[in-house]
Amino acid sequence: MLELRHRGGCPGPGGAVAPPPGEGEAAGGDHETESTSDKMYNFIDFNNYVHYRMLTTETDIDDRYGDLDSRTDSDIPEIPPSSDRTPEILKKALSGLSSRWKNWWIRGILTLTMISLFFLIIYMGSFMLMLLVLGIQVKCFHEIITIGYRVYRSYDLPWFRTLSWYFLLCVNYFFYGETVADYFATFVQREEQLQFLIRYHRFISFALYLAGFCMFVLSLVKKHYRLQFYMFAWTHVTLLITVTQSHLVIQNLFEGMIWFLVPISSVICNDITAYLFGFFFGRTPLIKAAYVLSKYQYFVCPVEYRSDINSFVTECEPSELFQLQSYSLPPFLKAVLRRETVSLYPFQIHSIALSTFASLIGPFGGFFASGFKRAFKIKDFANTIPGHGGIMDRFDCQYLMATFVHVYITSFIRGPNPSKVLQQLLVLQPEQQLNIYKTLKTHLIEKGILQPTLKV
């Protein structure tokens with residue numbers, strides 16, 4: 001449209017494009033035939049008139065919505081600073097220190113407190129970790145949506161927060177429903193109500209989302225259409241950042257707790273102060289921590305749901321990833337280390353890839369969050385944790401890391417899961433199970449693993 005302004009026809013007085021004279025009259029008068037020059041003149045007049053109508057329409061739109069397009073970063077309304085939520089006992093204990101050192105001590109004490117609580121949740125098992133991930137997801141979503149609401153609340157847009165939380169509910173229903181259908185098939189098979197929900201899960205999820213979509217369309221307000229679509233996009237990008245990636249975190253948990261702990265620890269190593277890291281982990285390198293974790297079934301076994309005892313279990317025969325293997329050293333290392341081979345868990349080699357990503361690419365999640373906060377002139381996403389800011393301030397890099405771990409597992413680690421295949425087989429009809437049994441038996445006989453039965 002801007003190009004049409006510059007390329008438009010002859011401007012009239014004041015730079016405006018004048019409509020052709022005699023609008024509505026036939027060009028060329030009473031003559032039945034026209035010369036080439038007359039046709040060209042009429043064409044130019046008609047072209048100018050089209051540009052004039054376009055310009056008029058566009059000017060009307062600019063008058064109605066110009067206040068939105070003309071806004072710059074300096075026009076973004078200031079967000080009031082968050083209140084200080086530091087406990088009074090800490091304020092009194094640190095009252096004699098400068099603000100710099102006071103913040104350092106508050107940050108350190110809260111860091112150690114969070115680490116201790118995290119250890120407690122790990123001890124309580126995988127299910128509590130899943131609830132923790134869900135709680136963090138909801139809080140991060142709340143912090144980002146609140147920023148949008150504070151910035152644009154002066155426009156008094158209807159249903160913004162209501163629809164945002166409704167879409168969060170819909171997306172969580174979809175993702176967690178998929179997880180239940182995937183990992184709890186035997187449990188679902190016993191419950192008739194759950195069978196209906198799982199069978200039509202995707203249709204129900206789409207219907208719920210469609211209801212929210214229709215509510216958004218009905219909430220559109222004249223002169224604020226563009227801004228409301230901005231906020232609609234804001235909500236969906238927030239869902240993409242928080243819900244989708246937290247779902248991947250839970251998927252990583254089902255592969256084994258070690259795939260949850262080691263990536264998080266890798267990011268922590270790059271995110272907190274060197275002193276606190278040294279205080280928490282001592283002088284133990286992260287790759288040695290992976291060595292210790294690899295010895296325990298609690299950390300390396302996939303999380304499975306046992307319907308007979310109605311609980312999660314982490315018991316298995318550890319895979320080759322968590323069994324010591326001997327590796328031959330390259331010639332130049334043999335001379336330096338004076339040994340031929342070295343014993344390692346294969347997971348330790350994978351942990352090098354994870355830690356490399358955490359060191360080189362993971363911080364870009366923090367850079368992205370910092371740019372976001374600068375764009376809206378805020379220091380932190382919220383004041384949930386004194387000295388740290390909001391939950392999103394602590395998990396900006398973790399979400400990016402979780403996505404990488406999920407892609408890494410599916411690309412280089414995950415293979416067929418016998419227990420998962422068995423769960424799916426048990427859901428099938430008896431005739432289908434019998435067909436699969438016959439096909440498998442024929443395959444094993446052809447492979448020479450089973451002896452063919454003699455027919456009498």
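These numbers come from the heavy atoms of this one structure, side chains and all, not from hydrogens, waters or symmetry mates. Computed from a predicted model, the values in this text were never measured in an experiment.
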Can you check whether Asn252's main-chain N or O pairs, donor with acceptor, with Glu255's side chain at less than 3.5 Å? no
Gap between atom CG of Leu440 and atom CG of Leu450 - 0.5 Å precision: 8.0 Å
Is it the case that the side chain of Asn172 and the backbone of Leu169 share a donor-acceptor pair, with hydrogens and angles ignored and the cut-off at 3.5 Å? no
Do the ring planes of Tyr173 and His201 sit parallel (below 30°), tilted (30 to 60°) or perpendicular (above 60°)? tilted
Between Thr235 and Ser164, does the side-chain hydrogen bond (donor to acceptor under 3.5 Å, both in side chains) criterion hold? Intermediate values first, please. CA-CA 6 Å; Thr235 299; Ser164 297; 3.0 Å; yes
I would like to know whether Tyr399 and His406 meet ring-ring contact (aromatic ring centres under 6.0 Å, His included); could you show each step before the answer? CA-CA 11 Å; Tyr399 280 129; His406 182 78; over 10 Å; no
If you measure from OG on Ser343 to CG on Leu324, what distance do you get to the nearest 0.5 Å? 6.0 Å
Less than 4.5 Å apart, any side-chain heavy atom of Met128 and any of Leu120? no
What's the shortest heavy-atom distance between Gln325 and Glu320, and which atoms? NE2-O, 3.7 Å
Would a distance-only check, ignoring hydrogens and angles, find a side-chain to backbone donor-acceptor pair under 3.5 Å from Ser219 to Phe216? yes
Exercise: identify the closest heavy-atom pair between Gly177 and Ile198: O-CD1, 4.0 Å
Do Phe372 and Phe381 have ring centroids that are under 6.0 Å from one another? yes
Please report the closest heavy-atom contact between Cys397 and Val267, naming both atoms and the distance. CB-CG1, 3.7 Å
As a quick check of understanding, evaluate side-chain contact (heavy atoms from CB on, under 4.5 Å) for Ile241 and Phe141, giving each step before the final call. CA-CA 9 Å; Ile241 293 173; Phe141 182 84; over 6 Å; no
Using 30° and 60° as the class boundaries, would you call the ring planes of Phe364 and Phe367 parallel, tilted or perpendicular? perpendicular
Going by ring pair (Phe, Tyr, Trp, His ring centres under 6.0 Å), Trp259 matches just one of Phe404, Phe299, Phe347. Which one? Phe347
Any donor and acceptor pair, going by atom type alone, linking the side chain of Tyr166 with main-chain N or O of Leu208 inside 3.5 Å? yes
Indicate yes or no: at least one non-hydrogen side-chain atom of Gln137 is less than 4.5 angstrom from one of Val243. yes
To the nearest 0.5 Å, how far apart are CG in Leu239 and CH2 in Trp234? 13.0 Å
Any side-chain heavy-atom pair of Phe232 and Leu163 under 4.5 Å: no
I'd like to know whether CZ of Phe213 has more than 12 heavy-atom contacts from other residues, nucleotides or ligands below 6.0 angstrom. no
Can you tell me how far the OG atom of Ser328 sits from the CZ atom of Arg339, to the nearest 0.5 Å? 12.0 Å
Would you say the side chain of Tyr345 lies within less than 4.5 Å of the side chain of Leu321, judging by non-hydrogen atoms? no
Is there a side-chain contact between Val221 and His224 (heavy atoms, below 4.5 Å)? yes
Report yes if the side chains of Val405 and Phe260 come closer than 4.5 Å at any heavy-atom pair, otherwise no. no
pair His142-Trp165: side-chain heavy atoms closer than 4.5 Å: yes
Roughly how far apart are Thr410 OG1 and Leu248 CG, rounded to 0.5 Å? 9.0 Å
Would you say the ring centers of Phe412 and His350 fall short of 6.0 Å from each other? no
Residue pair Met257 / Ser126: nearest heavy atoms and the distance that separates them: CE-OG, 3.6 Å
Please check if atom OH in Tyr327 has more than 12 non-hydrogen atoms from other residues, nucleotides or ligands closer than 6.0 Å. yes
So with a 6.0 Å cut-off around NZ of Lys441, is the heavy-atom count from everything else above 12? no
Quick one, Glu315 with Tyr298, criterion side-chain contact (heavy atoms from CB on, under 4.5 Å). Give me CA distance, side-chain angles, the key distance, then yes/no. CA-CA 7 Å; Glu315 298 175 357; Tyr298 185 76; over 6 Å; no
Output, in order, the C-alpha distance, side-chain angles, deciding distance and verdict of ring-ring contact (aromatic ring centres under 6.0 Å, His included) for Tyr225 and Phe229. CA-CA 6 Å; Tyr225 295 148; Phe229 277 100; 7.7 Å; no
d(Met231 CE, Ile145 CD1) to nearest 0.5 Å is 6.5 Å
If I compare all heavy atoms of Thr356 with all of Ile352, which pair ends up nearest, and what's the gap? OG1-O, 2.7 Å
Does Phe368 reach the side chain of Asp396, with side-chain heavy atoms less than 4.5 Å apart? no
Does a sphere of radius 6.0 Å around CE in Met114 hold more than 12 heavy atoms from other residues, nucleotides or ligands, not counting ones at 6.0 Å or beyond? yes
Between Gln398 and Pro263, the two heavy atoms sitting closest are OE1-O, 4.4 Å
Check step by step if side-chain contact (heavy atoms from CB on, under 4.5 Å) holds for Phe160 and Gln228. CA-CA 8 Å; Phe160 169 60; Gln228 287 183 282; over 6 Å; no
Using the side-chain contact (heavy atoms from CB on, under 4.5 Å) rule, take His247 and Thr179 through it: C-alpha gap first, then chi angles, then the decisive distance, then the call. CA-CA 9 Å; His247 175 71; Thr179 301; 3.1 Å; yes
